[in-house]
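To find a chain, count down the sequence lines: A is the first, B the second, and so on, and within it residues start at 1.
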Protein chains: 2
Amino acid sequence: MVMSTKKMGRDGAASGEAVGDSPIARLCVKHGLKMTGQRRVIARVLSEAEDHPDVEELYRRASELDSRISVATVYRTVRLLEEKGILERRDFGGGRARYEASENGHHYHLIDIDSGNVIEFENDELVGLLAKIAAELGFDLMSHRAELFGRRTASDRKKDTTSGKADDGSQSNPSGRA
Amino acid sequence: MVMSTKKMGRDGAASGEAVGDSPIARLCVKHGLKMTGQRRVIARVLSEAEDHPDVEELYRRASELDSRISVATVYRTVRLLEEKGILERRDFGGGRARYEASENGHHYHLIDIDSGNVIEFENDELVGLLAKIAAELGFDLMSHRAELFGRRTASDRKKDTTSGKADDGSQSNPSGRA
DNA sequence: ATATCTGCAAAAAGTTTGCTCTACG
DNA sequence: CGTAGAGCAAACTTTTTGCAGATAT
């Protein structure tokens with residue numbers, strides 16, 4: 001098992017147009033999408049996101065880079081990118097959809113129910129088991145998701161006291177309900 | 001692995017008041033909730049549900065038994081029961097929350113992406129693996145969920161042609177988006 | 001008796017959409 | 001240039017809430 005070490009694209013030298021493109025913007029081009037300024041900004045925000053922002057948060061971050069972006073465009077864009085398979089929508093509870101780039105690879109989430117932190121991890125054994133289960137039920141596994149809700153073990157907790165929160169796409173609500 | 005064989009409570013002889021109570025209604029009493037007529041009806045609907053109805057569907061079923069129930073009450077009730085741990089909220093995509101009784105035991109869902117059918121299954125090996133993963137990350141596993149999205153294998157498909165849908169709490173949208 | 005619950009309707013919250021103008025290719 | 005995209009605001013959908021009257025314990 002390996003915890004993901006997500007690398008974010010550093011901001012490109014804004015030379016011309018295509019060179020400064022973020023990884024996701026490049027994916028968009030690859031998918032034949034028309035690259036508008038707004039989309040390029042949103043793509044960049046998504047590429048640089050290390051968490052699981054919701055639309056509101058994406059809108060906020062995009063607006064910082066270019067104030068001429070509307071929420072509607074963010075909604076339209078994430079929907080488009082989701083359809084293209086570039087983005088994945090998540091539901092961690094709380095009513096709003098949260099997004100992350102598919103290119104980050106398949107991984108799972110462990111949510112710390114006390115702090116709201118979301119820890120990502122990969123696990124081949126798990127993939128294999130799930131595929132096996134699906135097969136036993138007569139299905140080919142097309143996609144899947146697993147979320148663990150846990151609490152730090154006493155022994156683990158005393159190791160560090162980095163009590164703060166790490167991931168938080170704008171709102172972290174452990175239980176998913178206020 | 002064992003597919004769940006959920007038993008639903010048959011309707012009780014409406015003798016007095018407490019005798020006809022559904023399993024969930026009894027749980028409500030145990031939790032000290034005031035049992036109004038509406039709650040009793042909703043509890044019964046939930047107890048008898050073999051699928052994962054959303055609020056709209058719960059409202060429809062409850063209304064059949066007693067037309068003097070409002071959607072607001074259904075919302076308030078499921079929220080209350082969820083807080084008490086009697087109900088669990090699910091998100092299978094599609095924007096609306098779907099509910100099922102916690103008493104049905106811990107199980108997982110395999111969603112047929114073509115038909116929208118939801119198949120429930122249990123798997124001890126999976127529980128063990130998830131707990132192990134959590135432990136490796138320094139957590140005690142408090143709860144978890146796993147959803148598989150699959151497509152019937154060619155070989156399996158030709159065995160039966162029960163093409164229709166089985167589970168469907170009012171709306172089944174394989175991809176979660178219309 | 002009285003704190004809790006319900007219905008109703010209005011309000012939130014999140015997301016989608018029609019229309020017109022703008023801009024990518 | 002022509003068509004897809006963006007902005008704006010209005011529409012929609014799902015869920016929550018304030019309030020007055022009803023009800024379980």
Side-chain angles (χ1 to χ4, degrees), chain A residues 16-18 21 25 28-43 53-60 62-63 65-84 87 89-99 169-171 173 176-178, chain B residues 16-18 21 25 28-43 53-60 62-63 65-84 87 89-99 169-171 173 176-178:
Chain A
E17 195 75 300
D21 273 3
C28 291
V29 175
K30 204 170 301 182
H31 279 263
L33 298 180
K34 197 182 271 191
M35 285 315 287
T36 65
Q38 291 87 328
R39 275 193 192 157
R40 201 166 271 113
V41 169
I42 295 171
D54 58 26
V55 169
E56 194 185 341
E57 178 64 17
L58 288 174
Y59 175 51
R60 176 160 29 245
S63 297
L65 300 179
D66 182 343
S67 57
R68 301 173 321 232
I69 286 182
S70 72
V71 220
T73 296
V74 178
Y75 272 107
R76 280 192 274 236
T77 303
V78 292
R79 170 182 249 210
L80 183 67
L81 298 202
E82 195 203 348
E83 279 162 10
K84 293 292 183 184
L87 268 191
R89 187 191 338 191
R90 303 274 173 211
D91 164 65
F92 295 151
R96 31 240 282 182
R98 293 169 62 167
Y99 294 86
S170 81
Q171 163 216 50
N173 188 333
R177 179 71 70 186
Chain B
E17 196 73 301
D21 271 3
C28 291
V29 175
K30 203 170 300 179
H31 280 263
L33 298 180
K34 201 178 271 193
M35 283 317 285
T36 64
Q38 292 86 325
R39 273 192 194 160
R40 201 167 270 111
V41 169
I42 295 171
D54 56 27
V55 169
E56 192 185 344
E57 177 63 17
L58 288 173
Y59 175 52
R60 176 158 32 243
S63 297
L65 300 178
D66 183 343
S67 58
R68 303 172 319 235
I69 287 182
S70 73
V71 223
T73 298
V74 178
Y75 272 107
R76 279 190 276 233
T77 303
V78 292
R79 171 181 247 210
L80 183 66
L81 298 202
E82 196 205 346
E83 278 162 10
K84 292 291 183 185
L87 270 191
R89 186 188 342 185
R90 302 275 173 210
D91 163 64
F92 294 152
R96 30 236 285 180
R98 294 170 64 168
Y99 295 86
S170 80
Q171 164 217 50
N173 187 332
R177 180 71 68 186

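Of the two residues near DNA chain D, Ala97(B) and Val29(B), the one whose nearest nucleotide lies more 5' is Ala97(B). Between Tyr75(B) and Met35(B), the residue anchored nearer the 5' end of DNA chain D, judged by the nucleotide with its closest heavy atom, is Tyr75(B).
Lys84(A) has its NZ atom 14 Å from the C1' atom of dG5(D), to the nearest Å. Rounding to whole angstrom units, CD of residue Glu83(B) and P of dT15(D) are separated by 15 Å.
Distance CZ/Arg90(A) to CZ/Arg98(A): 11.0 Å, rounded to 0.5 Å. Atom CG of Leu33(B) and atom CG of Leu80(B) lie 5.0 Å apart (nearest 0.5 Å).
The side-chain hydrogen bond (donor to acceptor under 3.5 Å, both in side chains) test applied to Thr36(A) returns no partner, not counting sequence neighbours.
Looking at Arg96(A), its side chain never comes within 3.5 Å of a backbone N or O of Val55(A) through a donor-acceptor pair.
The existence of a salt bridge linking Arg79(B) and Glu82(B) is excluded, since no basic side-chain nitrogen approaches an acidic carboxylate oxygen closer than 4.0 Å.
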Extract from the structure each pairing of a protein N or O with an N or O of nucleotides 18-21 of chain D at less than 3.5 Å, listing the distance.
residue: dG18(D); atom: O6; partner: Arg76(B); partner atom: NH1; Å: 3.4

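Looking at DNA chain C, the stems built from 3 or more consecutive Watson-Crick or G-U wobble pairs, each pair with its key distances under 3.5 Å, are C:1-25 with D:1-25.
Val74(B) has its side chain within reach of Ile69(B): a pair of non-hydrogen atoms, C-beta onward, lies under 4.5 Å apart.
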